[in-house]
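A short write-up of the structure that comes next.
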Amino acid sequence: MTSDSLKKIVFGKPLKSAELESEKMQVWKALPILSSDALSSVAYGTEQILLELATVGIAAFAFSLPIAISIIALITLLVLSYRQVIEAYPMGGGAYMVAKENLGMVWGRLTGVSLLIDYTLTVAVSISAGVTAITSAFPITVPYIVPIALILVWLMVWLNLRGTSESGTVFAIPTYFFILCILLLIGKGIFDMLSGSMNMHPIQFAPSSMTSSLTLFVILKAFSSGCSAVTGIEAISDAVPHFRTPSVKNAKRTLASLGTLLAIVFGGVTLLSLGYGIAPDPHGHTSVLSMVTEQAFGRGTLYYATQIGTMLILVLAANTSFNGFPILASIMAQDKNFPRMFSYRGDRLSFHYGIVTLGVLASILLIIFKGKTDALIPLYAIGVFLSFTLAQSGLVRKWLKERVKGWIGKSLINGLGGIVSFAVLLIFCFTKFSEGAWIVIIVTPILLWLITKVSHHYDDVAKQLRIDIEHERVCTKEPVIIVPVAGIHRVVAQSLNYAKSLSPNVIAFYVSFSDEDEEAMQEKWDKWDPGVRLVVFKSRYRTILKPLAEFIERIDTHVSEKQSIMVILPQFMPKKWWHRLLHNQSAARIRSKLQADKDIVVATVPYHLHE
């Protein structure tokens with residue numbers, strides 16, 4: 001089996017560029033691909049709120065519902081804001097494009113860096129929470145948290161390398177299965193609540209004995225932890241060009257569907273956790289959602305179905321990032337703010353460099369933090385709320401400048417969105433700083449500095465390569481061709497024939513290690529008489545590279561004004577890969593040395609061995 005055949009089996013057959021439209025997403029596919037991150041937050045959003053409130057006491061759980069309602073209000077505001085992003089920037093890029101065009105390139109780069117960090121953390125958090133769903137249902141898997149997490153990450157990498165259309169079909173079924181399970185759970189909980197069969201704990205404010213412990217800091221900390229439910233909303237605006245035509249309309253419909261579902265599932269699970277009197281597991285092995293499901297359905301078929309659905313949606317939540325990260329990286333690469341290879345599509349029309357890079361970064365995070373969701377959450381959401389703030393600020397400036405129809409209403413929505421996002425960002429930085437948020441606060445400016453250096457490098461390269469097409473013309477210089485030879489054989493003969501076809505100025509260069517060797521080589525060369533002058537250089541230190549470099553330098557000094565220098569390297573290619581280990585690969589070393597030091601054309605003449 002050839003490598004091409006194996007590649008087709010693993011990743012699928014290559015797609016033509018003309019097939020790009022068929023790879024674009026319909027609404028029913030876009031929802032599971034781009035919304036699974038936000039939808040999956042029901043698995044840990046409520047739990048993070050309760051964990052913070054639990055530090056004060058169980059009675060503080062009464063505050064979980066007002067906190068959840070405030071987060072739902074924030075989600076509604078952001079959905080309205082990002083509908084305007086989609087409409088104003090149908091070419092995609094979301095917050096990055098908004099900030100770049102309205103606030104300047106520096107703010108655009110900061111937005112891009114923030115989102116790339118958030119996408120990476122989304123994968124790590126989603127996968128780790130998915131593994132928690134597994135350990136909740138099957139405690140025997142607790143010792144294998146990190147290996148399971150890494151397997152899931154690279155399963156996602158593989159599926160995404162196969163292409164958007166194929167991965168979307170795979171991801172649609174488990175996403176809709178999860179939505180069905182959660183809606184059934186909420187429906188059963190509401191039925192229990194209305195029928196009186198729920199062992200409800202009345203919603204009441206904390207007793208006076210606890211108010212001194214329940215500070216504003218604790219409430220804000222719980223709020224910021226719950227705001228993990230908001231991440232993922234921006235992914236739809238990043239990927240507008242990847243929707244089927246009409247792309248703007250389909251993207252807005254997907255965003256509206258996401259906002260509605262997210263409000264229902266997040267608010268519903270928070271209400272049920274309060275009604276059933278659920279307290280989070282301090283060890284983190286059993287999720288709050290698992291305990292709510294067990295209270296509603298018992299530990300039967302529906303319980304295990306919901307846990308499996310939760311695990312699947314959490315794994316698929318990482319898929320939002322596997323679409324968002326490569327798309328954003330490709331847009332930034334086209335703007336020279338990221339390495340250029342990230343803008344290239346692979347055989348399956350996917351941005352494979354971005355997909356693999358995201359897999360590597362997420363794997364590193366999971367290993368460092370041992371796959372623990374609680375340890376990763378403090379790093380989470382800072383990047384996305386920074387991007388929210390900059391995007392809304394950019395849109396306000398756009399509306400004030402352009403004064404399009406309805407600009408006052410649009411400015412108010414985006415202005416409020418920017419103020420609220422900035423407030424949440426400050427709350428998150430303040431309340432989570434000592435728990436790990438400081439890492440993101442430090443890493444973000446470092447990455448901003450790095451991509452700024454990348455951009456400056458591309459600018460410098462463009463400046464040095466730019467020509468004046470009105471005055472500069474191509475002028476031909478007849479080359480002096482140097483052919484390093486290690487003896488007289490078929491490869492040398494083939495290389496000399498090629499060199500003589502290009503120029504009459506051909507020099508064969510041989511390095512000897514003794515007087516006897518020099519005399520023997522000169523004698524054989526004269527007898528062979530290929531019509532090419534041989535220059536022999538005796539090396540005292542048994543090296544080839546230094547004498548060759550010195551000879552080229554000497555020739556270049558005399559001919560640089562009128563002639564160019566070209567080096568042709570004879571190289572035989574063994575039939576089997578292990579045969580290469582038996583040879584010194586001197587041609588590769590010479591090529592590397594010459595191309596690193598001087599502007600010299602270096603060509604290789606291969607000769608394939610058949611035995």
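Atoms considered below: every heavy atom in the structure, side chains included; atoms not considered: hydrogens, waters and symmetry mates.
For Ala362 against Thr120, the heavy-atom pair with the smallest separation is N-CG2, 4.1 Å. The shortest heavy-atom contact between Val131 and Ile148 is CG2-CG2, 4.0 Å. The shortest heavy-atom contact between Thr270 and Ala68 is CG2-CB, 3.6 Å. Here the shortest heavy-atom pairing between Leu258 and Ile236 reads CD2-CD1, 3.9 Å. Nearest heavy-atom pair, Val79 versus Gly259, reported as atom, atom and distance to 0.1 Å: CG2-CA, 3.9 Å. Of all heavy-atom pairs between Val146 and Gly371, the closest is CG2-N, 4.1 Å.
Residues satisfying the ring pair (Phe, Tyr, Trp, His ring centres under 6.0 Å) criterion with Phe342, sequence neighbours excluded, are Phe338. The ring pair (Phe, Tyr, Trp, His ring centres under 6.0 Å) search around Phe177 returns none, not counting sequence neighbours.
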Open item on the list: The test is side chain to side chain contact (heavy atoms under 4.5 Å, CB included); show your working for Gln48 and Lys221 and say whether it passes.
Closed with: CA-CA 10 Å; Gln48 293 305 312; Lys221 200 173 181 183; over 6 Å; no
TODO: Show your reasoning for whether side-chain hydrogen bond (donor to acceptor under 3.5 Å, both in side chains) applies to Ser363 and Trp154.
DONE: CA-CA 9 Å; Ser363 298; Trp154 289 96; 2.9 Å; yes
- [ ] Could you walk me through whether Ser128 and Lys372 pass the side chain to side chain contact (heavy atoms under 4.5 Å, CB included) test, one step at a time?
- [x] CA-CA 6 Å; Ser128 65; Lys372 294 180 179 178; over 6 Å; no
- [ ] Please step through side chain to side chain contact (heavy atoms under 4.5 Å, CB included) for the pair Ser421 and Leu78, ending with a clear verdict.
- [x] CA-CA 9 Å; Ser421 297; Leu78 288 171; 3.8 Å; yes
- [ ] For the pair Leu185 and Leu302, evaluate side chain to side chain contact (heavy atoms under 4.5 Å, CB included) and give the outcome as yes or no after the intermediate values.
- [x] CA-CA 9 Å; Leu185 172 63; Leu302 285 175; over 6 Å; no
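No hydrogens or angles considered: a donor-acceptor pair under 3.5 Å links the side chains of Ser224 and Thr431. Between Ser455 and Arg109, the side chains place a donor N or O and an acceptor N or O closer than 3.5 Å (distance only, hydrogens not considered). Thr135 and Tyr144 share no donor-acceptor pair across their side chains, judged by distance under 3.5 Å alone.
Side chains of Cys429 and Phe385 form no contact here, defined as non-hydrogen atoms less than 4.5 Å apart. No side-chain heavy atom of Phe422 sits less than 4.5 Å from a side-chain heavy atom of Ile419. Side-chain contact between Glu294 and Tyr276 is absent, with no heavy-atom pair separated by less than 4.5 Å. Looking at Ile313 and Thr175, their side chains come closer than 4.5 Å, going by heavy atoms from C-beta outward. Taking the side chain as every heavy atom from C-beta outward, Val98 and Val85 approach each other to under 4.5 Å. Side-chain contact between Cys227 and Leu74 is present, with at least one heavy-atom pair separated by less than 4.5 Å. Contact annotation: the side chain of Leu110 approaches that of Thr444 to within less than 4.5 Å [non-hydrogen atoms, C-beta and beyond]. Looking only at side-chain heavy atoms (C-beta outward), Met332 and Ile451 come within less than 4.5 Å of each other.
Looking only at distances, a side-chain donor or acceptor of Asn160 sits under 3.5 Å from a matching main-chain atom of Met156. In this structure, the side chain of Lys188 engages the main chain of Ala296 through a donor-acceptor pair within 3.5 Å. No donor-acceptor distance shorter than 3.5 angstrom exists from the side chain of Ser330 to the backbone of Ser343, with no hydrogens or angles considered.
Counting heavy atoms of neighbouring residues, nucleotides and ligands inside a 6.0 Å radius, atom CH2 of Trp438 does not exceed 12 of them. By the 6.0 Å contact criterion, CD1 on Ile442 is enclosed, its count of non-hydrogen atoms from other residues, nucleotides or ligands being greater than 12. Heavy atoms of other residues, nucleotides or ligands lying less than 6.0 angstrom from CZ of Phe217 number more than 12. More than 12 heavy atoms of other residues, nucleotides or ligands sit less than 6.0 Å from atom OH of Tyr304.
Between Phe388 and Tyr82, the ring centre distance stays below 6.0 Å. Taking the six-membered ring for Trp and the full ring otherwise, Tyr119 and Phe322 have centroids separated by 6.0 Å or more.
Rounding to the nearest 0.5 Å places CD1 of Ile278 at 9.0 Å from OG1 of Thr293. One finds the CG atom of Leu390 at 6.5 Å from the CG atom of Leu103 (value rounded to the nearest 0.5 Å). Atoms CG and CZ, from Leu116 and Phe325 in turn, are 5.0 Å apart once rounded to the nearest 0.5 Å. With rounding to the nearest 0.5 angstrom, the CG atom of Leu376 is 11.0 Å from the OG1 atom of Thr122. In this structure, CD1 on Ile331 lies 8.0 Å from OH on Tyr96, to the nearest 0.5 angstrom. Note that CZ of Arg83 and CG of Leu255 are 7.0 Å apart. Values are rounded to the nearest 0.5 Å.
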